[in-house]
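First the structure, in the form of structure tokens, and then the observations on it.
For this chain, numbers begin at 1 and follow the sequence in order. This is a predicted model, so every value here is computed, not measured.
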Amino acid sequence: MNLRHKIKSQITIDELFENNLTHVFSQTDSDLYFLVDLVHLFRPKNPKNVDVISISKLLNFLKANDAQRNFLKNYLITILQNRKFTNFLADTGILQNTDFMFEVKSRIFAKILPYQPQKETLEYILNQVFYRSSDAIWVNKIPMDELKEFFELVAFSDIYASTEQDTPLMEIISSMGLLSQRMSGHAMDSEVLMMTPEFSNLESPFVALEKELYAIFNQIKSNENHFISSDNENYKQVLVLHTQCKEYIDKAFNNSSKFGISLRVNQSLLKIRQQLHRIKVLLPLITVNNPSEKVGNTINLALKLIKYNCHKNNVRQLIGESTQLISYEITQHTAKTGEHYITETSKEYFAMLKAAVGGGIIVGLLCVIKLLFSKVETSDFGHAVLYSLNYSFGFIAIYLLGFTLATKQPAMTAATITTALDLGMKKRHKYENKHSSFAHLFARLFRSQFIAFVGNVLIAFPVALLIIWLVDVSFEVNLAFEKSSKLLNDLSPVHSAAILHAAIAGVFLFLSGIISGNVSNKNKHNNVYYRIQEHPFLKLSFGEERTKNIANWFERNWAGVVSNGWFGVFLGSTASLGLFFGLNLDIRHITFASGNFALGLYGQKFFVDGWTIFWSIFGIGIIGFMNFIVSFLLSLGLAFRSRNIPISELTLLNKAIWSYFKERPMAFFFPVKE
């Protein structure tokens, strides 16, 4: 038989059976072609757009043709008997490795070049017949009544017929036993135990679950009916223990707020959760309360096997499940930090202005230092190092001195406002006007950003101008003369790629927020601050009190220092990387743009035409907007995802913000009484 020809041709059920009726089948590759072609007859082009998939044509054909029905019965028995699927049920769709990147690469590779199991397994047949990831969608749209009728027509035996080796029921029992053993082992891992100190003096529910399951398995094997009822005492105990195991994992995940969590531990817990869910799915298959349930359970097993096979290489689901908790912990840190960036009272508002002024002074100095570094004779890599050091030390100084860099705020405050929205959604009876409350919070956020921008931009300009004038007066050299045209041209959104470069800076602002949260989470998980506090050498050298103060300083500041340092590296090395790859890459930051505008004007002795001044000032505003909107939206998207808030909420929030803006526009720029 030619598989390619069969699939492409418009063959009918009659022709398919007529072409194969006299063929003697065995468990070989070529003999799967008939089943492949039969399934293809009912496979729709767009499964998601079809409500119901009917196999009534096949049922009517089998009713009208006894010979063909007997042929199909014998064919299916031949190719399906004694097919193993223990490992398939225990492995497919479940994390196989706690190394996240290894798992992602394995699934991507399997999508390109699918894994092919041994030919004696049921998974091999599923791979060959239901080879499309969408097959699980349309198969589950076949009415159960039609599936049961097909089951009867081909005289299938249900899974409770025997407990002999390699029979379906024994494969189910073996896979459940394998899953329970694996869970018990993973739950005893030291990193997992560290996440659940509440259970340290209690018997592991996973071990107890394993014992109860094996008690049930022994009953099924010795029972003439080969199944148990849902009233079975051991079965009831299994359900209780399963709930306890689930609570154990939930507690471990919840404790991440106390102890932090690594990606490896997250993957271990996620794997146990998936194994628990698989056991929960399989448990109903070993219980029968009514003889009529036997056929339904058998069909459900088949549907589940098809579904697991189709979804086993789902990369999107893997990334989503694996990164949600990590992203939550990261945004939790940024949310706490972001609370300090949202002003409420007039006192806080003007304190933000004062902090922004301090940030503007340092940035003005950094602009001149970068201009000096640009004159150093070195390679592009050398310039990247010098610029990165300039930015990094400057940003760290701003952070440690308590000053503010306005564009650093959106990445922090996005998580804060999302936390407030999440609280409103969870306690809806207390927060009936959560969208209105959110609009008020956003207004406070916006005016905080506004005054921070004002403080940064208005101060960076005169500071940079003053410093370069002092240098000119002291050393009689105009440092900005050679680069003045480029400094002014780079600000124009129409004469340069300022918008793109500002968006790149926005991405880096978002990444710096991620780094801050990640460092905080890792340090918490690894007990870094406690290790410093109890370090014997430090206590001997500085004393207990000073060592404790050092630990407290690291706890308060280290995440911010690291994130600001990396932010400086990102900004300082982008242009050099662009030159290396031959791409127009660079960054534009609103505060530095203000300082560079001053340097450009001084470099040209202020002999600049009106259009240049217009496009420069307009460009500074556009750069600031792009810095803000890109970093804010990326951070907001991450925060929404980490808390499972639907994107549809944005529409309602936008309406609430717009309504409040029309009602009180000044509240978005200046502190007003609510």
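With sequence neighbours left out, the salt bridge (charged side-chain N to carboxylate O under 4.0 Å, His left out) criterion links Asp91 to Arg182. The salt bridge (charged side-chain N to carboxylate O under 4.0 Å, His left out) check on Arg69 picks up Asp66, with sequence neighbours excluded. Residues that satisfy the salt bridge (charged side-chain N to carboxylate O under 4.0 Å, His left out) test with Lys304, not counting sequence neighbours, are absent from this structure. A search for side-chain hydrogen bond (donor to acceptor under 3.5 Å, both in side chains) contacts involving Glu198 returns Asn255, not counting sequence neighbours.
Among residues at least two apart or in separate chains, salt bridge (charged side-chain N to carboxylate O under 4.0 Å, His left out) pairs with a member in residues 272-293 are Asp250-Arg273. The salt bridge (charged side-chain N to carboxylate O under 4.0 Å, His left out) pairs that include a residue from residues 140-151 are Lys63-Glu149, where partners are two or more places apart or lie in different chains.
At distances below 3.5 Å, at least one donor-acceptor pair connects side-chain atoms of Ser268 with backbone N or O atoms of Arg264. With Thr243 contributing its side chain and Leu239 its backbone, the two residues share a donor-acceptor pair below 3.5 Å. The closest donor-acceptor contact from the side chain of Asn60 to the backbone of Ser56 lies under 3.5 Å. Panel note: side chain Ser520, backbone Ser516; no donor-acceptor pair is recorded below 3.5 Å. Counting only distance, with no hydrogens or angles, the side chain of Thr121 and the backbone of Pro117 share no donor-acceptor pair below 3.5 Å. In terms of modelled atom types and a separation under 3.5 Å, the side chain of Asn218 and the main chain of Tyr214 share a donor-acceptor contact. The closest donor-acceptor contact from the side chain of Gln128 to the backbone of Ile125 lies at 3.5 Å or more, if one exists at all. Put simply, the side chain of Asn309 never gets that close to the backbone of Ile306: no donor and acceptor are under 3.5 Å apart.
Taken from CD1 in Ile261 to CG in Leu269, the straight-line distance is 5.5 Å, to the nearest 0.5 Å. With values rounded to the nearest 0.5 angstrom, Gln275 atom CD is found 11.0 Å from Cys245 atom SG. Atoms NZ and CH2, on Lys45 and Trp138 in that order, are 15.5 Å from each other to the nearest 0.5 Å. Here Lys236 contributes atom NZ and Glu212 contributes atom CD; the two are 13.5 Å apart, rounded to the nearest 0.5 Å. Put simply, CD1 on Ile172 and OG1 on Thr163 are 12.5 Å apart, with the number rounded to the nearest 0.5 Å. Put simply, CZ on Phe17 and CD1 on Ile11 are 11.0 Å apart, with the number rounded to the nearest 0.5 Å.
Checking Ser229 against Asp231 by side-chain atom types alone, no donor-acceptor pair falls below 3.5 Å. Side chains of Tyr235 and Ser230: no donor on one and acceptor on the other come within 3.5 Å. In this model, a donor atom of one side chain and an acceptor atom of the other lie less than 3.5 Å apart for Asn127 and Lys312. Side-chain atoms of Gln68 and Glu18 form no donor-acceptor pair, as typed in the model, at a separation below 3.5 Å.
Taking both residues in full, the closest heavy atoms of Leu169 and Ile159 are given as CB-O, 3.1 Å, listed atom of the first, atom of the second, then distance. Nearest approach of Ala187 to Val192, heavy atoms of both residues: O-CG1, 4.0 Å. The two residues Thr298 and Ser157 have their closest heavy-atom pair at CG2-O, 4.5 Å. Between Arg43 and Tyr131 the shortest heavy-atom distance is NH1-OH, 3.4 Å. Here the closest non-hydrogen pair linking Leu32 and Tyr75 is CA-OH, 3.8 Å. Nearest heavy atom pair, residue Gln274 against residue Leu95, reads OE1-N, 2.8 Å.
Under the side-chain contact (heavy atoms from CB on, under 4.5 Å) rule, Phe71 has a single partner from Asn20, Leu76, Asn65, which is Asn20. Checked options Leu213, Ile216, Ile228; the residue passing with Asn234 is Ile216 (criterion: side-chain contact (heavy atoms from CB on, under 4.5 Å)).
One finds no salt bridge joining Glu171 and Lys84 here, because no Lys/Arg side-chain nitrogen approaches an Asp/Glu carboxylate oxygen to under 4.0 Å.
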- Verify side-chain contact (heavy atoms from CB on, under 4.5 Å) between Asn297 and Leu301, making sure each step is shown before the conclusion. CA-CA 6 Å; Asn297 285 355; Leu301 172 62; over 6 Å; no
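Residues Phe109 and Tyr115 keep their aromatic ring centres 6.0 Å or farther apart.
Between His525 and Val265, the closest side-chain pair of non-hydrogen atoms falls below 4.5 Å. Side-chain contact between Leu72 and Leu38: present, with at least one pair of heavy atoms (C-beta onward) separated by less than 4.5 Å.
Atom NZ of Lys246 has 12 or fewer neighbouring heavy atoms from other residues, nucleotides or ligands inside a 6.0 Å radius. Counting non-hydrogen atoms of other residues, nucleotides and ligands closer than 6.0 Å to NZ of Lys111 gives a total above 12. In the displayed structure, Gln118 atom CD is contacted under 6.0 Å by at most 12 heavy atoms of other residues, nucleotides or ligands. A 6.0 Å sphere centred on NE2 of His311 holds more than 12 heavy atoms belonging to other residues, nucleotides or ligands.
The aromatic rings of Tyr160 and Phe227 stand perpendicular to each other, their planes meeting at an angle above 60°, with 30° marking the opposite boundary. Using the six-membered ring where Trp is involved, Tyr248 and Phe206 have ring planes that are perpendicular, over 60° apart on the 30 and 60° scheme.
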